[in-house]
Each structure stands twice: as C-alpha cells, then as structure tokens.
Engineer: 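The structure follows.
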Amino acid sequence: MILSLVLMMSMTMAFAENEENETVNLDAYRFDVNIDRLGYALALSSDQRIFVADFMDAFSLDMQYAACADKEDRKALVDMAIKRNLGAAKVMLTEKQYRKYLILLNFTINNRGLNK
C-alpha cells in the first residue's frame, strides 16, 4: 500500500515537472472585430462588408484554436491563420483597402505580442 502511494506520488511529480507553467493571454488571441468601424476605416461597400465579416469570423476562430494549442504548435497556427486571413482579404479588397488592412492587422498583431 505504501509502495503504491510512493509510486503514484513520484509519477505525479514527474508528470508535473514536464508541464509548462506558461499561461496564455487569451485576450491577445481574441479578434472580435467591429465590422462597422472596420468598414468605415476601409471604406467598404455593402458586399465587401458581408465578405469581410465572414473572413474575420473565420480568423477569430482560427486564432482561438491557436490560443488553445500547445506552445510548439501555436506560432505555426497563428501564422497559418494570418496567411489565410490575408489571402481572403486580398481577393475581396481593392489594393488601397488591402494596404490599409495590412497596416491595421500588422499593428494589432504587434501590439498583442503575437509576432514572437
């Protein structure tokens, strides 16, 4: 009985040693975008607003998924989410709108520390 208890405690401590104590700031990965404000900033048409709302929802989900991923996978998932988002933006936005969107997204990513 005592041997089982000692064995169980040592296994638990060994498992706990391997766990990383890193806490993830989930707010940094939350991208709940006000489409009306983004639409105003980018001068979006009504058709563009619908499309942008859809790809921003997908981006938000991708970023939430990245936030919940293991530390080793997180950076790759963030990069993939950004590339996917920019690809969708490139299709729908004019060149001028896309450049402005790049500035806004880059500023947001940098401010949240997601570019590390």
Side-chain angles (χ1 to χ4, degrees):
M1 173 95 166
I2 293 176
L3 184 59
S4 297
L5 181 62
V6 170
L7 181 61
M8 200 157 111
M9 298 251 319
S10 65
M11 287 176 57
T12 303
M13 289 185 340
F15 178 73
E17 269 181 33
N18 292 332
E19 286 293 310
E20 294 184 27
N21 291 331
E22 179 195 12
T23 58
V24 177
N25 180 6
L26 296 178
D27 287 337
Y29 293 87
R30 187 167 287 124
F31 279 83
D32 298 328
V33 176
N34 184 331
I35 297 300
D36 291 332
R37 292 183 83 188
L38 183 62
Y40 178 76
L42 298 177
L44 297 177
S45 69
S46 58
D47 289 339
Q48 286 176 316
R49 281 179 190 250
I50 293 167
F51 188 79
V52 168
D54 287 344
F55 76 70
M56 289 308 295
D57 286 343
F59 181 61
S60 180
L61 288 173
D62 288 345
M63 292 301 284
Q64 289 174 17
Y65 180 71
C68 296
D70 292 334
K71 183 180 178 182
E72 308 85 46
D73 300 330
R74 195 172 302 131
K75 175 70 171 136
L77 289 171
V78 167
D79 290 345
M80 186 173 66
I82 292 170
K83 285 179 186 175
R84 188 171 154 195
N85 179 268
L86 291 177
K90 183 92 169 157
V91 169
M92 193 60 184
L93 302 177
T94 65
E95 189 168 329
K96 182 179 178 182
Q97 290 170 325
Y98 182 72
R99 277 187 272 130
K100 194 168 194 177
Y101 180 74
L102 276 175
I103 291 168
L104 294 171
L105 185 63
N106 189 40
F107 185 76
T108 303
I109 296 293
N110 288 336
N111 276 348
R112 294 182 181 197
L114 299 176
N115 58 348
K116 297 176 184 177

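Because the structure is a prediction, the values reported are computed rather than measured.
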Engineer: Roughly how far apart are Met92 CE and Asp54 CG, rounded to 0.5 Å?
Structural biologist: 10.0 Å
Engineer: To the closest 0.5 Å, what do you measure between OG1 (Thr108) and CZ (Phe31)?
Structural biologist: 6.0 Å
Engineer: Look at the side chain of Gln48 and the backbone N and O of Leu93, then say whether any donor-acceptor pair between them is shorter than 3.5 Å.
Structural biologist: no
Engineer: Roughly how far, to the nearest 0.5 Å, is the CG atom of Leu77 from the CG atom of Asp70?
Structural biologist: 9.5 Å
Engineer: Measure centre to centre between the rings of Phe55 and Phe59, then say whether the value is under 6.0 Å.
Structural biologist: no
Engineer: Please report the closest heavy-atom contact between Met56 and Val33, naming both atoms and the distance.
Structural biologist: CE-CG2, 3.2 Å
Engineer: If every non-hydrogen atom of Leu104 is compared with every non-hydrogen atom of Ala41, which pair is closest and at what distance?
Structural biologist: CD1-CB, 4.5 Å
Engineer: Residues two or more places apart in sequence or in another chain: which of them pass ring-ring contact (aromatic ring centres under 6.0 Å, His included) with Tyr101?
Structural biologist: none
Engineer: Asp79 and Lys75: salt bridge (Lys or Arg N to Asp or Glu O under 4.0 Å), yes or no, with the steps?
Structural biologist: CA-CA 6 Å; Asp79 290 345; Lys75 175 70 171 136; 3.1 Å; yes
Engineer: Who pairs with Asn106 by side chain to side chain contact (heavy atoms under 4.5 Å, CB included), at least two apart in sequence or on another chain?
Structural biologist: Asn110
Engineer: Working to the nearest 0.5 Å, report the span between CG of Leu61 and CG of Asp57.
Structural biologist: 7.0 Å
Engineer: Looking at Leu114 and Val78, what are the two nearest heavy atoms and their distance?
Structural biologist: O-CG1, 4.1 Å
Engineer: To the nearest 0.5 Å, tell me how far Leu44 CG sits from Ile50 CD1.
Structural biologist: 11.0 Å
Engineer: Between Phe51 and Asp47, is the side-chain contact (heavy atoms from CB on, under 4.5 Å) condition met? List the steps.
Structural biologist: CA-CA 7 Å; Phe51 188 79; Asp47 289 339; over 6 Å; no
Engineer: Please report, to 0.1 Å, the donor-acceptor pairs under 3.5 Å made by any side chain of residues 62-69, with sequence neighbours excluded.
Structural biologist:
from, atom 1, to, atom 2, distance (Å)
Asp62, OD1, Arg84, NH1, 3.2
Asp62, OD2, Arg84, NH1, 3.0
Gln64, NE2, Ser60, OG, 3.4

Engineer: Answer whether the closest heavy-atom distance between the side chains of Phe107 and Asn111 falls below 4.5 Å.
Structural biologist: yes
Engineer: Hey, could you give me the CG/CZ distance between Leu42 and Arg99, rounded to the nearest 0.5 Å?
Structural biologist: 12.0 Å
Engineer: Is it true that Ile35 and Leu102 fall in one hydrophobic cluster, defined by side-chain heavy atoms closer than 4.5 Å?
Structural biologist: yes
Engineer: Between Asp36 and Tyr40, is the side-chain contact (heavy atoms from CB on, under 4.5 Å) condition met? List the steps.
Structural biologist: CA-CA 6 Å; Asp36 291 332; Tyr40 178 76; over 6 Å; no
